[in-house]
Chemist: 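Here it is, the structure in full.
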Amino acid sequence: MTKQKRSLLWFRKGLRLHDNPALLSSCDGAKYLYPIFVLDPWFLTADRVGPNRIQFLLESLEDLKHSLQARGSDLVVLKGKPLEVLPTIWKTWGITHLYFEKDTEPYANERDGQVRQAAAKANIEVETPVSHTLYDLEMLIEKNGGAPPDSMKAFESLLGKVGLPAAPAEDPPEKLTAPGPELKKTTGVYDSLPSLKDLGYKDEATSSIHGGETNALSRMSEWMADKQRVAEFEKPKGNPAAFDPPATTVLSPFLKFGCLSARLFHAKIAQIEKEKNNHTKPPVSLRGQLLWREFFYTVGGATKNFDKMEGNPICRQIDWDQNDEFFKAWEESRTGYPWIDAIMMQLNKEGWMHHLARHAVACFLTRGDLYQHWEKGRDTFDRLLIDGDWHVNNGNWMWLSASAFFHQFFRVYSPVSFGKKYDKNGDFIRHFLPVLKDFPAAHIYEPWKASEKAQKEANCIIGKDYPKPIVDHNEASSSCKDRMKAAYDAGKETRKREGAPSPQARKAPKIYG
DNA sequence: GAAAAGTTGGTTCA
DNA sequence: TGAACCAACTTTTC
């Protein structure tokens, strides 16, 4: 007689019921279903993940729990290293099958490999469907001849061969497989979800963006109700200074945690594109934004040392400075450039900025002004962004620092003109840097140029109440450009000497489990 | 091998 | 507001 099927459904990302193939398979023919989330202490330190993202996660878990309960199921949350927690509970619950969504981040991949091994030893069947990305990345790499595409153009032509992404999975049944009776009686499970404080966080969350599948779906519907806006979406034309409301969808945090399925979002956009004769196209269109995410996932998953400069075959080797004063000033909104400092305040408070605002501060920290290493800025974003995503974040930092993908290092954003172009009056600065709010529009982007009298009238003395600029942008950017050119030239010499990395050398490291 | 393109530059001048 | 110019990278297209 065969054993009764008892499914363990391990949520990590993919915090949703819609388009969730792992959920469907786990219910299929099962006697009991045990849905869990494991709070891994590796993530739960303020220097690795800030309170805004953890709060967003907790809200997403709360929402998921309610949705599961509404369908006769439940969710329990445990704390500990997955490799220790999982074997304990699958023994206690007599688990026969384990389901979780595939995750290609290095930490997750390593962790999941070990979990698979432990599961195999315990005779547990494991199934890990792809539902975080539009495509199975392994398949994309294979179709591309074993190496990742190195530009968006190449990626688009690869997608041309592969076709459209699969449709989202069907919705789960109204009545899910019931949880086993011992689900909540197990040692170590949280009766109700822990708070930030319970998890050891001293600071409160300050973001106005709140997590969960319910919020994700309503935000998406609301945004897409205006079909014309979807059809005309053109990323480079967005306004980085708009914050109430922002110029983009702000769905990225929901995609990061899988509260929203990329495949569902893609299908909804494609539907509108079908209805409209005129619509923008990738890479600038709204659908194109999902393709950028997919591009960075594909390249990031198949490039050695993707999150480092050294030993990274696609990353230019650049002689970045190490100046902790500069870096701290950037991180703590003390550069003396209001446009830059206001964006960094938004990052700290909201855990989200417009894409172009990210460009402005990333360029300023690296090739534009301060010549600090992109890895340091990457770490700050990774800690503070609610949507902080390993693949996308690393990819974009290499892009902005002209280390990979983008090479026109002589195009530098001005920390004064760029913001002014969109927000002449400086409302964005006034909101996020209230110390400057009384400066007239003529001085708000360059308050150090205001006379002593004007500074007094604005109740803000530059050098005392708000810092003077830490560098002269014209001097700094011109020196940065010279150094970038020298670094590029040196790299060219090296490549000539050693030859470009062969496709073989660029072959994907085994990180797809 | 030359020309054009590359999701999102800045400044100046009419 | 838009065109010309700045200085000049790599990849793609022809």
Side-chain angles (χ1 to χ4, degrees), chain A residues 144 147-160 231-242 246-249 252 269 279-296 299 313-318 337 339-340 343 353-364 366-369 392 395-424 445-446 472-496 500-501 503 506:
Chain A
N144 202 50
D150 44 21
S151 70
M152 188 57 172
K153 266 266 170 323
F155 186 61
E156 282 187 71
S157 87
L158 169 63
L159 293 191
E232 287 170 358
F233 184 95
E234 206 173 339
K235 187 59 158 291
K237 291 192 177 161
N239 176 0
T248 48
T249 64
S252 53
I269 302 169
H279 62 78
T280 52
K281 293 188 172 57
V284 296
S285 65
L286 188 56
R287 199 172 72 82
Q289 305 313 300
L290 280 172
L291 300 188
W292 279 105
R293 173 180 184 267
E294 200 75 6
F295 171 63
F296 286 130
V299 180
I314 65 169
C315 186
R316 291 285 187 283
Q317 304 299 302
I318 294 163
Y337 284 95
W339 168 244
I340 300 299
I343 295 168
M353 313 95 98
H354 185 276
H355 186 64
L356 291 180
R358 301 179 194 207
H359 277 219
V361 295
C363 179
F364 188 87
T366 57
R367 66 184 169 84
D369 290 84
V392 179
N396 275 315
W397 271 96
M398 278 189 271
W399 184 293
L400 259 302
S401 60
S403 296
F405 310 115
F406 172 87
H407 312 280
Q408 290 154 286
F409 57 76
F410 42 87
R411 287 190 177 177
V412 172
Y413 292 91
S414 160
V416 173
S417 318
F418 187 66
K420 209 186 266 179
K421 193 164 67 180
Y422 301 95
D423 177 15
K424 219 160 178 228
Y445 283 89
E446 298 171 285
D472 177 290
H473 171 66
N474 288 334
E475 284 174 22
S477 63
S478 134
S479 146
C480 283
K481 278 184 245 183
D482 290 346
R483 294 181 66 179
M484 288 296 291
K485 173 148 183 58
Y488 264 51
D489 286 346
K492 244 186 284 184
E493 284 304 308
T494 310
R495 280 199 299 283
K496 209 190 282 173
R506 291 197 51 204

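Every value quoted in this text rests on a predicted model; they were computed, and no experiment measured them. Chain letters run A, B, ... following the sequence lines, proteins first, then strands; residues in each count from 1.
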Chemist: Would you classify A/K492 as touching base, sugar-phosphate or nothing, given that sugar-phosphate means primed atoms plus P, OP1 and OP2, and contacts are heavy atoms under 4.0 Å?
Modeler: sugar-phosphate

Chemist: Taking only Lys NZ, Arg NE, NH1 and NH2, and the carboxylate oxygens of Asp or Glu, determine whether A/K492 and A/D489 approach each other closer than 4.0 Å.
Modeler: yes

Chemist: Output the single nucleotide from C/dT10, C/dT12, B/dT8 whose closest atom is nearest the side chain of A/R495.
Modeler: C/dT10

Chemist: Base, sugar-phosphate alone, or nothing: which one does A/K237 contact when heavy atoms must sit under 4.0 Å apart?
Modeler: nothing

Chemist: If you only use heavy atoms from C-beta on, which nucleotide in B/dT7, B/dG10, B/dT11 is closest to the side chain of A/V284?
Modeler: B/dT7

Chemist: What do you reckon, do A/W292 and the base of B/dT7 stack, with centroid distance below 5.5 Å and planes below 30°?
Modeler: yes

Chemist: Considering every strand shown, what is the Watson-Crick or G-U wobble mate of B/dA2 when both distances are under 3.5 Å?
Modeler: C/dT13

Chemist: Nearest to the A/H407 side chain among C/dT10, C/dT13, C/dA8, which nucleotide is it?
Modeler: C/dT10

Chemist: Within the 4.0 Å heavy-atom criterion, would you say A/K153 contacts the bases, only the backbone, or no part of the nucleic acid?
Modeler: sugar-phosphate

Chemist: Return yes if some donor-acceptor pair links the side-chain N/O of A/W399 with the main-chain N/O of A/A404 below 3.5 Å, else return no.
Modeler: no

Chemist: When you get a sec, tell me which of B/dG6, C/dT10, B/dT7 is the closest nucleotide to the side chain of A/Q408?
Modeler: B/dG6

Chemist: Please report, rounded to the nearest Å, how far the C1' atom of B/dT7 is from the NE2 atom of A/H279.
Modeler: 17 Å

Chemist: Of the candidate nucleotides B/dG10, B/dT7, B/dG6, which contains the atom at the shortest distance from the side chain of A/P236?
Modeler: B/dT7

Chemist: Ignoring the backbone of A/F409, work out which of C/dC9, B/dT7, B/dT8 is nearest its side chain.
Modeler: C/dC9

Chemist: Checking contacts here: which listed nucleotide (C/dT10, B/dG9, C/dT12) is nearest the side-chain heavy atoms of A/Y413?
Modeler: B/dG9

Chemist: Compare the minimum distances between each of C/dT12, B/dT8, B/dT11 and the side chain of A/R411, then state the nucleotide with the smallest one.
Modeler: B/dT8

Chemist: Looking at the side chain of A/F410, which of B/dT7, B/dG9, C/dC9 is the nearest nucleotide?
Modeler: C/dC9

Chemist: Would you say A/S151 reaches C/dT12's phosphate, i.e. side-chain N/O to OP1/OP2 under 4.0 Å?
Modeler: yes

Chemist: Considering only C/dT12, C/dC9, B/dG9, which nucleotide approaches the side chain of A/F418 most closely?
Modeler: B/dG9

Chemist: Regarding A/H354 and A/N239, do their side chains bring together a donor and an acceptor under 3.5 Å, going by distance alone?
Modeler: no

Chemist: Look at all strands and tell whether A/Q289 reaches a base, only sugar-phosphate, or nothing, counting heavy atoms closer than 4.0 Å.
Modeler: base

Chemist: Remember a base hit wins even if backbone is also touched, and classify A/R316 as base, sugar-phosphate or nothing at under 4.0 Å, heavy atoms.
Modeler: sugar-phosphate

Chemist: Quick check against the 3.5 Å criterion: does A/T280 have a side-chain atom that pairs as donor or acceptor with the backbone of A/A231?
Modeler: yes

